[in-house]
**Q** 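I have a structure here, written as structure tokens, and I will follow up with some questions on it.
Below, all heavy atoms of this structure are taken into account, side chains as well, without hydrogens, waters or symmetry copies.
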Amino acid sequence: MNDYKKIITALTGICVVSIVALGLVGCNPSPPPPVEQNKTVTSGKPVVYQIFTRLYGNTNSTNKPWGTQEENGVGKFNDINEAALKSIKELGVTHVWFTGVPHHAVIRDYTAYGISNDDPDVVKGRAGSPYAVKDYYNVNPDLAVDPAQRLQEFEALIARTHAQGMKVIIDIVPNHVARHYESLSKPQGVENFGARDNVTVEYQRDNNFYYVVGENFRVPEAQGDYQPLGGESHPLSDGQFDEKPAKWTGNGSRLAQPKFDDWYETVKINYGVRPDGTKDFPELPADYAQKDLLAHAQFWQGKDVPDSWIKFRQIAEYWLAKGVDGFRYDMAEMVPVEFWSYLNSAIKQKNPQAFLLAEVYNPAEYRNYIRLGKMDYLYDKVEMYDGLKAVMQGKSSTDVIAQVQEGMSDIEEHMLHFLENHDEQRIVSPEFAGSAEKAKPAMVISTLISRSPTMLYFGQEVGETGALDSGFGDPSRTTIFDYAGVPAHQRFMNGGKFDGGQSTAEEKALREFYRGVLNLSHTDVIAVGDYQELHSHNINAGQGYNNKLFAFTRATHAQKWIVISNFSAQKSGPLRLSLPASYVTAWALDKPVYELSPQLAHHSQFSTLAVNAEGASVELELAPYDSLVLAIKGSK
């Protein structure tokens with residue numbers, strides 16, 4: 001959610017400055033780890049492509065602030081056709097995250113389909129937040145050509161995606177639901193959230209919500225000149241919303257009248273955590289951090305768990321049965337880790353290959369959510385993303401990158417890397433970097449430094465600026481609340497051909513760069529290879545290397561790669577990049593010279609690695625914002 005940062009800042013107290021302060025200069029390089037001879041992959045590490053589904057297929061370029069569907073258009077499931085999916089697949093993508101699929105609150109009259117109208121006083125934007133889910137057993141009617149067939153149209157998209165050899169991920173938002181949750185499509189035996197709640201008490205274990213007993217909900221006081229729908233008249237827009245008694249708000253506010261910057265469009269789900277923070281359910285023994293999924297599933301068998309746990313397990317199993325291959329869990333750290341053990345172990349019994357990605361921003365909790373909560377992957381936002389962003393903005397040296405990666409060494413393969421997503425600023429926006437070129441070295445490092453998956457947000461690969469003032473959403477981010485078009489992506493979309501027919505030369509070149517880097521994820525050396533940083537050794541060596549550069553190696557028994565990226569607007573070099581003597585031994589470099597083969601398509605010049613008793617070195621030059629990925633030919 002766009003306004004998570006206030007909560008997380010208070011929660012973690014962690015910033016890039018504290019990481020940089022630890023420093024790297026002067027540390028002694030460790031020898032590279034011995035490479036394992038039995039590691040192999042067939043398809044590389046995962047690459048996730050995030051689509052904001054409402055925007056992706058929209059060809060309308062009007063972009064009127066607070067515009068309606070008729071004025072600004074809206075993308076449909078059917079717009080994501082075979083051509084679109086092939087264009088995604090060629091980027092090296094393995095999983096498509098279709099964001100905003102579950103039916104959320106939206107300001108549009110769908111009463112002809114039995115859907116109740118939503119109140120603009122508790123909906124953000126005209127199109128609504130995808131994280132205020134109204135019906136977990138159906139999909140957003142905006143996304144269907146025929147709203148009566150909306151679920152079938154999504155099922156057809158799942159089938160099309162699978163036909164292209166990619167998996168499907170959708171959101172589950174466990175911490176909160178829309179203020180007016182009302183499932184029309186729930187299966188027999190499933191009840192709505194809150195259907196059996198005792199509303200006379202603040203808390204009861206099997207209530208789905210928390211209540212502000214004795215007080216009715218009051219709409220927040222608006223900030224500045226904000227008016228719902230930009231001031232447009234609407235029958236339900238009267239500053240009132242009927243909720244008796246008031247429920248706690250999604251971000252945990254216990255006020256009957258939440259603040260404007262609270263998640264006032266949502267209500268918080270009760271997982272059996274009492275108002276004082278104590279737990280009203282069985283706790284996992286600490287040694288379950290070392291136990292497997294089957295042991296976790298067996299632990300919960302026969303246990304009496306809160307009703308909300310059961311409801312979300314029903315939701316997940318419903319979508320698995322529809323062919324969904326995994327979930328992205330919104331604000332997972334606001335839900336107790338025991339619930340994740342319960343849910344994820346159940347999911348994996350049904351689909352051992354399910355892809356489970358969690359939005360967690362508290363580094364102190366990372367290992368708990370991976371080991372006890374059985375998450376496959378967590379956002380590496382507070383560490384790697386924030387570190388790379390600071391380097392790209394010139395606020396930090398590249399020292400931070402090695403420090404972050406070292407700190408993640410025990411869980412690095414579980415930390416999903418990204419440079420954009422729907423919550424973050426677009427790279428090309430002035431508020432972030434102001435240039436797509438500045439992202440190139442960061443993308444090489446983000447993709448190649450570890451075994452972790454990489455995520456790409458649609459439009460990033462063609463340099464979308466996020467400059468539109470669309471209504472509720474702010475410029476620098478592509479809106480998630482409004483009906484809008486995404487200009488750079490629309491040029492690539494070319495009226496539904498998805499062939500870049502209207503893209504500029506710069507946009508085409510940028511997309512080709514991303515395609516090349518992401519497809520390197522399918523090599524053994526990146527998917528399973530060992531990492532070792534060269535940065536601290538070369539900072540100390542003083543041979544033209546500086547803290548605008550970052551270098552590291554990845555190695556398997558069969559392959560050894562050297563990667564170096566230049567974050568400077570200036571050419572770097574000539575410089576001598578050196579490898580310590582420990583590499584000569586560990587990699588069995590027994591020849592005086594090895595040829596280095598470039599792995600990025602825009603480089604064709606071979607270079608050589610000179611080897612002697614003191615180590616190895618290569619003479620290099622890097623253009624501004626350029627990277628070199630060099631494979632050592634003939635190494636053992």
Side-chain angles (χ1 to χ4, degrees), residues 41-53 55-57 75 77 79-101 154 157-171 323-328 353-357 376-377 379-380 413 415-422 424 427 439-440 442-444 446-448 450-464 478 486 488-489 492-493 496-500 503 507-508 510-524 526-527 599-601:
V41 295
T42 57
S43 60
K45 64 181 185 176
V47 175
V48 180
Y49 189 79
Q50 183 191 3
I51 284 176
F52 199 84
T53 316
L55 304 178
Y56 184 83
F77 293 131
D79 295 327
I80 308 172
N81 56 24
E82 183 180 3
L85 293 165
K86 284 183 175 179
S87 75
I88 294 168
K89 177 71 173 179
E90 71 181 15
L91 290 170
V93 170
T94 59
H95 295 71
V96 184
W97 168 18
F98 294 103
T99 307
V101 166
F154 180 57
L157 175 57
I158 294 173
R160 287 197 299 278
T161 307
H162 287 166
Q164 294 301 321
M166 296 181 291
K167 304 292 188 181
V168 171
I169 301 168
I170 65 169
D171 294 280
V324 167
D325 304 290
F327 305 104
R328 180 267 189 187
Q353 302 305 313
F355 185 101
L356 305 177
L357 167 64
D376 292 327
Y377 307 109
Y379 273 29
D380 199 346
E413 64 192 88
M415 303 303 297
L416 176 129
H417 289 176
F418 61 88
L419 297 181
E420 286 188 355
N421 65 40
H422 66 279
E424 306 300 340
I427 293 163
K440 286 183 173 180
M443 190 65 192
V444 169
S446 179
T447 304
L448 305 185
S450 76
R451 302 179 182 97
S452 63
T454 303
M455 185 170 76
L456 187 70
Y457 188 37
F458 90 104
Q460 178 184 340
E461 72 275 25
V462 287
E464 173 55 35
T478 294
V486 181
H489 170 68
F492 171 77
M493 189 164 47
K497 296 178 182 177
F498 296 91
D499 61 0
S503 296
E507 290 166 352
K508 290 177 181 178
L510 183 65
R511 189 176 190 278
E512 186 61 18
F513 164 81
Y514 276 96
R515 187 194 66 79
V517 173
L518 288 171
N519 274 284
L520 290 181
S521 292
H522 299 300
T523 58
D524 281 16
I526 297 305
Q599 302 299 297
L600 290 173

**Q** Can you name the ring pair (Phe, Tyr, Trp, His ring centres under 6.0 Å) partners of Phe52, sequence neighbours left out?
**A**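 So Phe52 forms no ring pair (Phe, Tyr, Trp, His ring centres under 6.0 Å) with any residue.
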
**Q** Taking only residues two or more places apart in sequence or in another chain, which ones pass ring pair (Phe, Tyr, Trp, His ring centres under 6.0 Å) with Phe418?
**A**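 Partners of Phe418 under the ring pair (Phe, Tyr, Trp, His ring centres under 6.0 Å) test: Tyr379, Tyr385.
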
**Q** From Asp376 CG over to Gln353 CD, what is the distance, rounded to the nearest 0.5 angstrom?
**A**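 Rounded to the nearest 0.5 Å, the CG-CD separation comes out at 9.5 Å.
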
**Q** State which residues pass side-chain hydrogen bond (donor to acceptor under 3.5 Å, both in side chains) with Asp79; sequence neighbours excluded, sorted by chain then number.
**A**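 Once residues adjacent in sequence are excluded, Asp79 has no partner under the side-chain hydrogen bond (donor to acceptor under 3.5 Å, both in side chains) criterion.
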
**Q** For Ser446, does its backbone N or O pair with a side-chain atom of His417 as donor and acceptor, under 3.5 Å?
**A**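 Checked: pair present.
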
**Q** Does any N or O in the side chain of Asp325 come within less than 3.5 Å of the main-chain N or O of Val168, such that one atom is a donor and the other an acceptor?
**A**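 Yes, the answer is positive, given that a donor and an acceptor are paired below the 3.5 Å cut-off.
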
**Q** I'd like to know if the side chain of Lys45 reaches the main chain of Ser452, judged simply by a donor and an acceptor atom lying under 3.5 Å from each other, with no hydrogens or angles considered.
**A**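 Checked: pair present.
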
**Q** Working to the nearest 0.5 Å, report the span between NZ of Lys89 and OG1 of Thr161.
**A**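 Output value for this atom pair is 11.0 Å.
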
**Q** Using side-chain hydrogen bond (donor to acceptor under 3.5 Å, both in side chains) as the criterion, list what pairs up with Gln164, not counting sequence neighbours.
**A**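 With sequence neighbours excluded, Gln164 shows a side-chain hydrogen bond (donor to acceptor under 3.5 Å, both in side chains) to no residue whatsoever.
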
**Q** Passes side chain to side chain contact (heavy atoms under 4.5 Å, CB included), Leu416 versus Val48? Steps please.
**A** CA-CA 9 Å; Leu416 176 129; Val48 180; 4.2 Å; yes

**Q** Identify the residue among Trp97, Phe458, Phe154, Phe77 that makes a side-chain contact (heavy atoms from CB on, under 4.5 Å) with Thr53.
**A**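 Exactly one option meets the side-chain contact (heavy atoms from CB on, under 4.5 Å) with Thr53, and it is Phe77.
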
**Q** Only counting residues at least two apart or in another chain, list the ones meeting side-chain hydrogen bond (donor to acceptor under 3.5 Å, both in side chains) with Thr447.
**A**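 Applying side-chain hydrogen bond (donor to acceptor under 3.5 Å, both in side chains) to Thr447 gives none.
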
**Q** Can you list everything that forms a salt bridge (Lys or Arg N to Asp or Glu O under 4.0 Å) with Glu413? Sequence neighbours excluded, please.
**A**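 Checked Glu413 against salt bridge (Lys or Arg N to Asp or Glu O under 4.0 Å); zero matches.
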
**Q** Are the side chain of His522 and the backbone of Gly92 linked by a donor-acceptor contact shorter than 3.5 Å?
**A**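 The answer is yes, because a donor-acceptor pair under 3.5 Å joins these two groups.
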
**Q** Just to verify, what does Arg511 make a salt bridge (Lys or Arg N to Asp or Glu O under 4.0 Å) with, not counting sequence neighbours?
**A**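 Salt bridge (Lys or Arg N to Asp or Glu O under 4.0 Å) list for Arg511, sorted by chain: Glu90.
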
**Q** Report the C-alpha separation of Gln599 and Leu520 in whole Å, then their side-chain angles, then the decisive distance to 0.1 Å, and conclude whether the side chain to side chain contact (heavy atoms under 4.5 Å, CB included) test is met.
**A** CA-CA 8 Å; Gln599 302 299 297; Leu520 290 181; 4.3 Å; yes

**Q** Would you call the rings of Tyr56 and His489 parallel, tilted or perpendicular, where under 30° means parallel and over 60° means perpendicular?
**A**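 Rings of Tyr56 and His489: tilted, as their planes differ by 30° to 60°.
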
**Q** Test of understanding: with side chain to side chain contact (heavy atoms under 4.5 Å, CB included), list the residues that count as partners of Lys508, not counting sequence neighbours.
**A**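 Residues passing side chain to side chain contact (heavy atoms under 4.5 Å, CB included) with Lys508: Ser503.
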
**Q** Please identify each residue that fulfils side-chain hydrogen bond (donor to acceptor under 3.5 Å, both in side chains) with Glu461, with sequence neighbours left out.
**A**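 Listed in chain order: Tyr49.
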
**Q** Tell me, please, whether Phe498 has Lys86 positioned over its six-membered ring: NZ or CZ under 6.0 Å from the ring centre and within 45 degrees of its axis?
**A**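 Judged by the rule (NZ or CZ under 6.0 Å from the ring centre, within 45° of its axis), Lys86 is not positioned above Phe498.
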
**Q** Nearest 0.5 Å, what's the CG-CG distance between Leu518 and Leu91?
**A**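 Spacing of CG (Leu518) from CG (Leu91) equals 6.5 Å.
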
**Q** Could you give the distance from CD (Gln460) to CD1 (Ile427), rounded to the nearest 0.5 Å?
**A**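 One gets 4.5 Å once the value is rounded to the nearest 0.5 Å.
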
**Q** For the pair Thr94 (side chain) and Val47 (backbone), establish whether a donor and an acceptor sit closer than 3.5 Å, ignoring hydrogens and angles.
**A**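 It does hold such a pair.
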
**Q** With sequence neighbours excluded, tell me which residues meet ring pair (Phe, Tyr, Trp, His ring centres under 6.0 Å) with Tyr514.
**A**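 Scan of Tyr514 (ring pair (Phe, Tyr, Trp, His ring centres under 6.0 Å), adjacent residues dropped) gives none.
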
**Q** Hey, could you give me the NE2/CG distance between His422 and Leu55, rounded to the nearest 0.5 Å?
**A**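 It comes to 11.5 Å.
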
**Q** Can you list everything that forms a ring pair (Phe, Tyr, Trp, His ring centres under 6.0 Å) with Phe98? Sequence neighbours excluded, please.
**A**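 Per chain and number, Phe98 pairs via ring pair (Phe, Tyr, Trp, His ring centres under 6.0 Å) with no residue.
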
**Q** Could you tell me which non-hydrogen atom of Ala83 sits nearest to which non-hydrogen atom of Gly496, and how far apart they are?
**A**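 Looking at all heavy atoms of both residues, the shortest contact is CB-O, 4.4 Å.
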
**Q** What verdict does the side chain to side chain contact (heavy atoms under 4.5 Å, CB included) test give for Phe327 and Phe355, after you've listed the backbone C-alpha separation in whole Å, the side-chain angles of each residue and the deciding distance to 0.1 Å?
**A** CA-CA 6 Å; Phe327 305 104; Phe355 185 101; over 6 Å; no

**Q** Hey, could you give me the CD/CG distance between Gln50 and Asn421, rounded to the nearest 0.5 Å?
**A**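 One gets 5.5 Å once the value is rounded to the nearest 0.5 Å.
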
**Q** Considering residues at least two apart in sequence or located in another chain, which fulfil the salt bridge (Lys or Arg N to Asp or Glu O under 4.0 Å) criterion with Asp171?
**A**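 Result, salt bridge (Lys or Arg N to Asp or Glu O under 4.0 Å) vs Asp171: Arg328.
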
